[in-house]
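Since the structure comes first, as structure tokens, the remarks are kept for the end.
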Amino acid sequence: GGEVTAWSVSRHTLQFQIQLGRVAEGAVRLALPAPPCEARLDGRPLAVIAEGENVYRLQFTVRHSADVFVEWPSSLEQATA
């Protein structure tokens with residue numbers, strides 16, 4: 001498994017860091033209040049896969065460490081617009 005070494009949530013963003021010390025492929029499942037409008041891994045765009053109601057999967061490769069950023073609309077009204 002991996003180690004989450006930092007976790008920061010704001011009103012409409014999540015940022016976290018994974019430290020593995022090795023190269024590995026994996027996924028993270030997140031329950032979010034709205035579909036993400038942006039996701040990045042180390043500053044590069046990251047695909048978001050909807051898995052169910054308010055559950056999203058981010059699949060990526062960690063090369064020793066990774067910084068992940070996810071943003072969703074600041075209000076649920078914007079998410080449905």
Thr5 side chain to Gln17 side chain, donor-acceptor N/O pair below 3.5 angstrom: yes
Cluster link Val4 to Leu41, ILVMFWY, side chain under 4.5 Å: yes
Side-chain donor or acceptor of Asp42 paired with backbone N/O of Asp67 under 3.5 Å: yes
ILVMFWY cluster, Val55 and Val9 together (side-chain gap under 4.5 Å): no
Atom pair CD (Glu71) and SG (Cys37), whose distance is rounded to the nearest 0.5 Å: 4.5 Å
Closest non-hydrogen atom pair between Leu46 and Gln59, with its separation: CD1-O, 3.6 Å
Within one Ile-Leu-Val-Met-Phe-Trp-Tyr cluster: Trp72 and Phe69, side-chain cutoff 4.5 Å: no
NE2 on His12 to CG on Leu32, rounded to 0.5 Å: 13.0 Å
Nearest-0.5 Å distance, CZ of residue Arg29 to OH of residue Tyr56: 14.5 Å
Set of residues satisfying side-chain contact (heavy atoms from CB on, under 4.5 Å) with respect to Ser65, sequence neighbours excluded: Gln19
Pairwise side-chain contact, Val70 with Leu58, heavy-atom cut-off 4.5 Å (strictly under): yes
Contact summary for Asn54 and Pro33, nearest pair of heavy atoms: OD1-O, 4.1 Å
Atom CZ of Arg57: over 12 foreign heavy atoms under 6.0 Å: yes
Minimum-distance pair of heavy atoms, taken over all atoms of Glu3 and Leu20: N-CD2, 4.0 Å
Residues in side chain to side chain donor-acceptor pair (under 3.5 Å) contact with Arg40, at least two apart in sequence or another chain: Glu38
Taking every non-hydrogen atom, the tightest pair across Pro35 and Pro73: O-CD, 3.2 Å
Within one Ile-Leu-Val-Met-Phe-Trp-Tyr cluster: Val23 and Ile18, side-chain cutoff 4.5 Å: no
